[in-house]
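Letters A, B, ... are given to chains in the order of the sequence lines, protein chains preceding strands, and every chain is numbered from 1.
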Number of protein chains: 2
Amino acid sequence: MSHVVYHCLMAVDRDHVLRSAAALLTRKSTATMDEVAKAAGISRATLHRQFAGRDALVRALESLGIQECEAALDAARLDDGTAQEAVRRLVKELEAAAGLLAFLYTENQLFEGEEQNEGWARLDARMAALFRRGQESGEFRIDLTPAWLTEALYGLMASGAWAVTEGRVAAKDFHYMIVELLLGGALRREES
Amino acid sequence: MSHVVYHCLMAVDRDHVLRSAAALLTRKSTATMDEVAKAAGISRATLHRQFAGRDALVRALESLGIQECEAALDAARLDDGTAQEAVRRLVKELEAAAGLLAFLYTENQLFEGEEQNEGWARLDARMAALFRRGQESGEFRIDLTPAWLTEALYGLMASGAWAVTEGRVAAKDFHYMIVELLLGGALRREES
DNA sequence: ATTCGATGAGACAAAGATGTCTCACGTGGT
DNA sequence: ACCACGTGAGACATCTTTGTCTCATCGAAT
């Protein structure tokens with residue numbers, strides 16, 4: 001009964017392929033399956049064996065992104081302390097997934113008519129709830145809707161990720177710049 | 001000498017095609033030449049007669065976007081009044097071009113190795129100069145670099161444009177939400 | 001040593017997009 | 001009425017990407 005013995009570490013390989021694909025597609029969202037395979041250090045045949053096609057690959061990346069986001073949301077303990085502190089923790093936890101998020105953020109408009117992965121709705125709801133909590137506690141302004149703040153967080157994460165890859169901002173400043181702009185804005189607080 | 005008489009309004013048609021293409025590609029950045037042609041109400045043959053190929057079309061859209069941005073920068077009179085007022089005027093002037101900007105913002109990473117249109121560098125420099133002026137006048141924080149503020153402005157414009165097209169935020173709130181978040185952030189100003 | 005399974009390399013057809021071409025039509029100017 | 005020019009429709013070859021296939025090879029377990 002040798003068929004019960006799993007010789008290779010398929011799960012690990014699959015994860016490595018996804019990471020490589022995410023890294024490549026973040027930089028070049030139109031990369032071909034061949035390029036993705038080369039980036040992962042495998043052949044196109046093997047890539048096709050693990051992911052039925054490009055669509056399946058993108059879907060898998062979407063699931064990975066959602067999974068990482070949810071892990072980040074969990075790790076950030078959104079209900080603890082002030083909403084401001086929670087937002088800071090959240091951005092810190094999301095930093096590692098920023099590149100993947102940036103890719104998915106622009107790719108999602110591709111899934112126009114088709115069914116959206118329900119995971120995004122869950123994530124949006126949790127983030128919006130955080131911003132709403134901040135509004136109800138008096139920390140956040142009430143004239144910016146939680147939906148817009150959520151959207152802005154995604155957008156700033158994507159902008160930051162691209163700016164870092166293109167060298168326009170330093171990678172070490174990523175977290176600080178996003179959090180400070182999102183929470184405090186460009187104006188000096190001692191203003192007026 | 002009838003060849004000196006221009007029967008048709010090619011310039012107008014070309015502009016109309018560009019507008020249609022911009023509107024379509026903002027929603028679906030992978031639209032084919034056929035779809036672009038249909039969206040503009042012309043045949044693919046005519047589209048090819050006006051733009052040598054897809055590349056030429058995107059380049060023309062890039063030029064259009066740069067042109068509209070520069071017009072917006074001029075109209076916003078970045079050197080008048082406080083930097084804050086100038087930023088508000090700038091976002092207002094840029095609103096009409098937000099969709100096109102969002103498309104080009106994500107498409108620009110396509111032009112990786114190739115030469116970037118120098119227009120972007122000019123625009124970036126002018127915007128960064130505005131933010132720098134605000135920093136030197138004491139209006140803006142100095143811990144957020146002008147380059148990052150410029151990048152964030154692009155990102156928020158793109159996020160806002162997509163959020164509007166997908167109905168997540170109201171179109172009438174576009175300008176307000178971007179300006180308020182960029183300048184003031186999410187925190188209430190009476191804080192601490 | 002042998003066997004099993006995964007891999008890499010490459011061939012192959014199918015599908016989609018692109019670019020070029022021809023031709024017929026209609027409209028406006030002569 | 002005639003002509004010139006732009007246009008739409010479609011055929012066509014080409015290119016790229018994709019998805020599937022076969023086959024040889026390598027490694028590990030037996």
Ring centre gap for Trp162(A) and Tyr105(B) strictly below 6.0 Å:
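Yes, ring centres under 6.0 Å apart.
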Could you state the atom-to-atom distance from [atom1] of [X] to [atom2] of [N] in whole Å?
X        : N       : atom1 : atom2 : result
His48(A) : dT7(C)  : NE2   : C1'   : 15 Å
Asp13(A) : dG5(C)  : CG    : P     : 18 Å
Lys38(A) : dT17(D) : NZ    : P     : 12 Å
Arg14(B) : dG6(D)  : CZ    : P     : 16 Å
His16(A) : dT7(C)  : NE2   : P     : 13 Å
Met33(B) : dT20(C) : CE    : C1'   : 13 Å
Arg54(A) : dA14(C) : CZ    : P     : 23 Å
Asp55(A) : dG16(C) : CG    : C1'   : 15 Å

Can you see which heavy atom on Leu156(B) is nearest to which on Ile178(B), and at what distance?
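In terms of heavy atoms, the two residues are closest at O-CD1, 3.6 Å.
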What pair of heavy atoms forms the shortest contact from Met157(A) to Ala98(A), and how long is it?
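Residues Met157(A) and Ala98(A), closest heavy atoms: CE-CB, 3.8 Å.
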We want to know whether Glu139(B) and Ser137(B) form a side-chain donor-acceptor pair, criterion being a heavy-atom distance below 3.5 angstrom.
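A pair is found: one side chain offers a donor N or O, the other an acceptor, under 3.5 Å apart.
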Which atom pairs, one a donor and one an acceptor, fall under 3.5 Å between side chains of residues 71-79 of chain A and the rest of the protein, sequence neighbours left out?
from     : atom 1 : to        : atom 2 : distance (Å)
Asp74(A) : OD1    : Arg126(A) : NH1    : 3.3
Asp74(A) : OD1    : Arg126(A) : NH2    : 2.8
Arg77(A) : NE     : Asp80(A)  : OD2    : 3.2

Counting primed atoms, P, OP1 and OP2 as sugar-phosphate and everything else as base, the B/S/- map of nucleotides 8-14 of chain D against protein heavy atoms under 4.0 Å is BB-B---
Could you tell me whether a side-chain N or O of Trp148(B) sits under 3.5 Å from a main-chain N or O of Val169(A), the two making a donor and an acceptor?
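Side chain of Trp148(B) to backbone of Val169(A), a donor-acceptor pair under 3.5 Å: no, none is there.
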